[in-house]
Amino acid sequence: MIDSKLLLDQYDATVRRLARKGVDPALPGEARQLAIRRLELVRQVESLRQERNAGATRIGELMREKRQDEAEPLRAEMGELSSRLEAAEAEMRLAQDDLDDVMSRIPNLPADDVPDGRSDADNVVLRTERYDPDDYKGRDWEPHWDIGERLEILDGKRAAKLSGAMFAVLKGDGARVLRGLTALALDIHRDSYEEIIPPHLVRTEVITKTGHLTKFDTQAYRLRDDELWLIPTGEVALMGLHQEEILNEADLPRRYMAYTVCWRREAGAAGKETRGLQRLHEFHKVELVKLCRPEDGDAEFESLVADAARPLEMLGLPYRVVELCAGDLTFSAARVYDLEVYSPGVDRWLEVASISLVTDFQSRRGQIRFRREAGGNELVHALNGSGLATPRVWAAVVEHGLQLDGSVRLPPALVPYAGIEVIKEKGSPS
RNA sequence: GGAGGGAUGGCAGAGCGGCCGAAUGCGAAGCUCUUGAAAAGCUUUGGGAUGCAAGUCCCCGUGGGUUCAAAUCCCACUCCCUCCGCCA
């Protein structure tokens, strides 16, 4: 949620900033009217309450002085006032609910230096590392799902038998590669991020306040018999950690990482772009989250991008950094960089990490604050990014490792973690 | 799943329907004293809304109710703890 005061104090500028994200001005306009209405009602209610309190105190005094006869008429008067107050309070609550409802549909403001644009076509490639199209000419490349089935490390048929489309079964060396990737990622960040193993089921309240559950976002799976949700990303659990807390300024920044399973309903049919491990209902991910002071947000963002790129560097994968334009930013982000790895098997860039500067958008709803040493409490700024999203990185490692004899050579950095160097076809000579 | 107990400030822990945003203790911060430290003394020490400010208003797990007036009485819910059962 953005600060509703912005709609009262800096309306025009706010509408302009939201417009860059493609928000119809009618929405902030409606919110502004509701905010004004709420303020009027708050003032009205408070003055009525002041009157009531004064009257009640007076009655108390009269009672103590045994002046019943004087108290009685006042008491009748106060009864009447109280019912007026009750009505005003009910109206105020309604106005507050209406305002919250509209505010929850307004996305975060884009950072001012985010490029203009409407869709992913307007995103900006900031840099490309280790990619040369010539490297991929003159030989055949194979998509990871074919390699996986051939080497018997990925079993799409049985995954479908167990759970349906967009699920995966990894076997043998395939499973070891996944386990190795997560261990690698956790090790890389062990000195700068505190590792957390959170619950994978969270309360409605927690997932709502992270902005991952809204009226139009039904990504998350819900348990039938309990008021709990399967986390769609570790971010939900990590951001939930400090909800309703006031941290000390000296304790910031907080940097957390968590290796979790992520579940997403991914409403919409399976198809060409979801083959293999490209998009799954259930996958494993190492997530990075930071909470920091507002003034440190930009620097923390830059270092988070570097941290997210580090595993790709170590694995020797060609990747590029893409800055999302204002119109393509996610709902709660002020700035997003995507890391995309080149997949020779499908000849596409696949998003393997998304790093977001969320500013105070999530902490406002979750009430995650910090106490300034100079005095006063403020909302923390939050950032999140993938430390390593296993399925797509798994796919990239397998596709890039493909050798002319059909086997797959793992990147040297992964070897100690996976415990193997080359994945060969079963029964082939070793 | 069954039985009982509880929820008040950073923590512990009082709180007759009005003088209670709330005693007291601990913790923390500042100051005094001291060569320094400790000890002692003094002071400060929750969150939020509204307002230029003074102030006013709200918050004692959450939501309702009774009342002129609720931390205090009533109802519902949630969570936590203990014991029993089940269990990796």
Side-chain angles (χ1 to χ4, degrees), chain A residues 1-10 31-101 103 197-209 213 222-229 237 240-252 254 261 291 360 363-380:
Chain A
M1 231 172 5
I2 64 169
D3 189 351
S4 61
K5 279 204 194 77
L6 289 173
L7 298 168
L8 295 172
D9 302 339
Q10 305 172 38
R32 178 183 160 85
Q33 290 313 310
L34 290 168
I36 291 169
R37 166 130 183 89
R38 177 195 152 267
L39 200 51
E40 281 167 2
L41 288 166
V42 164
R43 288 180 182 140
Q44 188 188 333
V45 163
E46 288 197 356
S47 87
L48 283 172
R49 283 210 273 238
Q50 191 171 352
E51 247 184 279
R52 180 205 56 189
N53 290 349
T57 305
R58 182 66 189 141
I59 291 172
E61 284 166 7
L62 293 173
M63 300 294 275
R64 230 168 300 124
E65 292 164 16
K66 309 274 186 232
R67 291 154 71 182
Q68 286 282 352
D69 48 326
E70 287 176 68
E72 274 317 314
L74 192 52
R75 184 181 268 190
E77 198 182 314
M78 286 300 114
E80 192 268 332
L81 180 79
S82 246
S83 53
R84 262 198 295 153
L85 173 60
E86 223 165 293
E89 281 174 331
E91 220 179 324
M92 180 183 74
R93 268 195 301 273
L94 270 175
Q96 182 72 59
D97 290 348
D98 289 348
L99 176 62
D100 288 346
D101 192 56
M103 288 305 294
I197 298 185
H200 289 65
L201 302 177
V202 298
R203 299 175 192 282
T204 304
E205 205 186 349
V206 170
I207 189 170
T208 304
K209 286 180 177 171
L213 186 67
R222 175 193 202 159
L223 298 205
R224 194 191 61 189
D225 294 331
D226 295 277
E227 262 305 302
L228 291 169
W229 300 76
L241 240 32
H242 293 297
Q243 274 182 13
E244 314 285 333
E245 287 184 24
I246 301 175
L247 304 167
N248 291 317
E249 184 173 4
D251 293 334
L252 297 179
R254 304 295 286 240
V261 183
L291 303 177
D360 60 8
S363 42
R364 175 165 296 104
R365 186 174 289 189
Q367 284 297 296
I368 310 174
R369 290 169 291 174
F370 75 101
R371 206 183 317 278
R372 284 274 186 200
E373 263 149 41
N377 299 327
E378 287 177 45
L379 296 167
V380 303

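So you know, we letter chains A, B, ... as the sequences are listed, proteins then strands, and number each from 1.
Distance alone, capped at 3.5 Å, places no donor-acceptor pair between the A:Asn248 side chain and the A:Ala250 backbone. Side-chain atoms of A:Arg364 come within 3.5 Å of backbone N or O of A:Met1 as a donor-acceptor pair.
In this structure, A:Gln367 and A:Lys209 have side chains that are not in contact, with every pair of non-hydrogen atoms separated by 4.5 Å or more.
In this structure, of B:C68, B:A49, B:C80, it is B:C80 that holds the atom nearest to the side chain of A:Arg203. Checked against B:G18, B:U50, B:G47, the side chain of A:Ile59 finds its nearest nucleotide in B:G18.
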Problem set entry | B/S/- contact track for nucleotides 54-62 of chain B, protein heavy atom under 4.0 Å | --BBS----
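The nucleotide B:C77 finds its pairing partner in B:G61, both defining distances of the Watson-Crick or G-U wobble pair being shorter than 3.5 Å.
Remark: A:Arg369 is in phosphate contact with B:G48, judged by side-chain N or O atoms under 4.0 Å from OP1 or OP2. Between A:Thr57 and the phosphate of B:C19, there is no side-chain N or O to OP1/OP2 separation shorter than 4.0 Å.
Across the interface with RNA chain B, nearest-nucleotide mapping of A:Arg93 and A:Asn377 shows A:Asn377 to be the residue nearer the 5′ end.
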Exercise. After noting the C-alpha distance and the side-chain angles of A:Glu378 and A:Arg372, does the key distance pass the side-chain contact (heavy atoms from CB on, under 4.5 Å) rule?
Worked result: CA-CA 7 Å; A:Glu378 287 177 45; A:Arg372 284 274 186 200; 2.6 Å; yes
For this session: Assess whether salt bridge (charged side-chain N to carboxylate O under 4.0 Å, His left out) is satisfied between A:Glu46 and A:Arg43, documenting all intermediate values.
Result: CA-CA 5 Å; A:Glu46 288 197 356; A:Arg43 288 180 182 140; over 6 Å; no
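Of the P atoms belonging to B:A14 and B:G85, the separation is 32 Å, rounded to the nearest Å.
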